[in-house]
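Remarks on the structure that follows.
This structure is a prediction, so every number in the text was calculated from the model and none was measured.
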Amino acid sequence: HIGVTHDAAGKPQLAFTDQAAEFVAENRRLSSDLVSRIRDLEHQASHDALTDLANREHLPERLRSLIDTADQQHCSAVLFLDIDLLKSVNDSLGHTIGDELIRAVAGRLHDRFGRDVVRFGGDEFVVLIRRSASLAAVTNEANALAREMHRSFVSGGVTLQPSVSIGVTVLNADATPEELLRQADT
């Protein structure tokens, strides 16, 4: 129950009974909980469950951003990575080890490129290279990335030395997000 009282100056104030105060506190808690759950659902809808990287739903927006922020003094590019032989790892060592391989590659990509990495699906990732000095610098970055991905890691007592295939396309002013992806994936 809510009532009205007056302070010493005669101004009206709301007065809550203990039951009403508990109701208001519970309502605030539920509202806060609802906001938190909505944020969690939005994150789940936009991020890959296995790697926690942005999922492919983010890709058109990020590619459009890459196109919109490109300038003629720098070279921007899209890298499309496939983990080589993931099916063989899954078939011979099991999907748990295959998932560890995907997480290891995703972690290395995220450490190097931050939010410019998207898990496209399965064994595929997309990396955006923003404002590199030149085409040679983009090529060097792709080669360094391939070497870094080849570093071994241990999972379930098994040492794996992953390798990736990397497709590269350099941004041109007339490109659409779909064209960039198609070109990088060939």
When rounded to the nearest 0.5 Å, the distance separating CZ of R39 from CG of L41 is 12.5 Å

With sequence neighbours left out, the residues meeting salt bridge (charged side-chain N to carboxylate O under 4.0 Å, His left out) with D68 are R64

Contacts of S88 meeting side chain to side chain contact (heavy atoms under 4.5 Å, CB included) (sequence neighbours excluded), chain-then-number -> L85

Rounded to the nearest 0.5 Å, the CG atom of L66 sits from the CG atom of L171 at a distance of 5.0 Å

Sorted by chain and residue number, the side chain to side chain contact (heavy atoms under 4.5 Å, CB included) partners of R147 (sequence neighbours excluded) come out as N143, A144

Taken in chain and number order and not counting sequence neighbours, the residues that satisfy side chain to side chain contact (heavy atoms under 4.5 Å, CB included) with A137 are S132, A133, S134

Of all heavy-atom pairs linking A175 and E179, the shortest is CA-OE1, 3.4 Å

d(H6 NE2, Q13 CD) to nearest 0.5 Å is 9.5 Å

Shortest non-hydrogen pair, V138 vs A77, comes out as CG1-CB, 3.7 Å

Sorted by chain and number, sequence neighbours left out, ring-ring contact (aromatic ring centres under 6.0 Å, His included) with H47 holds for H43, H58

**Prompt:** Below 4.5 Å, heavy atoms only, C-beta onward: do L53 and L109 meet side chain to side chain?
**Reply:** no

Output side-chain donor-acceptor pairs under 3.5 Å for residues 158-166, partner residues at least two apart or in another chain, one line each.
{"from": "Q161", "atom 1": "NE2", "to": "H150", "atom 2": "O", "distance (Å)": "3.4"}
{"from": "S163", "atom 1": "OG", "to": "D84", "atom 2": "OD2", "distance (Å)": "3.0"}
{"from": "S165", "atom 1": "OG", "to": "D84", "atom 2": "OD1", "distance (Å)": "2.6"}

Between the CD1 atom in I67 and the CG atom in L63, the distance rounded to the nearest 0.5 Å is 6.5 Å

If Ile, Leu, Val, Met, Phe, Trp and Tyr residues are connected whenever their side-chain heavy atoms lie under 4.5 Å apart, and connections chain through other members, are L93 and L50 in the same group? yes

_Within the 4.5 Å heavy-atom criterion, are I129 and V168 side-chain neighbours or not?_
no

Contacts table for residues 115-128: side-chain donor-acceptor under 3.5 angstrom, sequence neighbours left out:
{"from": "D116", "atom 1": "OD1", "to": "R130", "atom 2": "NE", "distance (Å)": "3.0"}
{"from": "D116", "atom 1": "OD1", "to": "R130", "atom 2": "NH2", "distance (Å)": "3.3"}
{"from": "D116", "atom 1": "OD2", "to": "R130", "atom 2": "NE", "distance (Å)": "3.2"}
{"from": "R119", "atom 1": "NE", "to": "G122", "atom 2": "O", "distance (Å)": "3.2"}
{"from": "R119", "atom 1": "NH1", "to": "D48", "atom 2": "OD1", "distance (Å)": "3.0"}
{"from": "R119", "atom 1": "NH1", "to": "D48", "atom 2": "OD2", "distance (Å)": "2.9"}
{"from": "R119", "atom 1": "NH2", "to": "G122", "atom 2": "O", "distance (Å)": "2.6"}

Rounded to the nearest 0.5 angstrom, the OG1-NE2 distance for T51 and H110 is 9.5 Å

One should read off an interatomic distance between T176 OG1 and D174 CG, to the nearest 0.5 angstrom, of 10.0 Å

Quiz: residues 99-107 side-chain donor-acceptor pairs under 3.5 angstrom, not counting sequence neighbours:
{"from": "E100", "atom 1": "OE2", "to": "R103", "atom 2": "NH2", "distance (Å)": "2.6"}

Across all chains, not counting sequence neighbours, the side chain to side chain contact (heavy atoms under 4.5 Å, CB included) partners of V170 are C75, L135

Applied to residues 105-114, the salt bridge (charged side-chain N to carboxylate O under 4.0 Å, His left out) test, sequence neighbours excluded, yields R112-E141, R112-E148

By side-chain hydrogen bond (donor to acceptor under 3.5 Å, both in side chains), N140 pairs with (sequence neighbours left out) none

Applying side-chain hydrogen bond (donor to acceptor under 3.5 Å, both in side chains) to E26 and not counting sequence neighbours gives R29

_With clusters defined by side-chain heavy atoms of hydrophobic residues (ILVMFWY) lying less than 4.5 Å apart, directly or transitively, does L86 cluster with F80?_
no

Say whether, by atom type as modelled, one donor and one acceptor occur between the side chain of S36 and the main chain of S32 under 3.5 angstrom. no

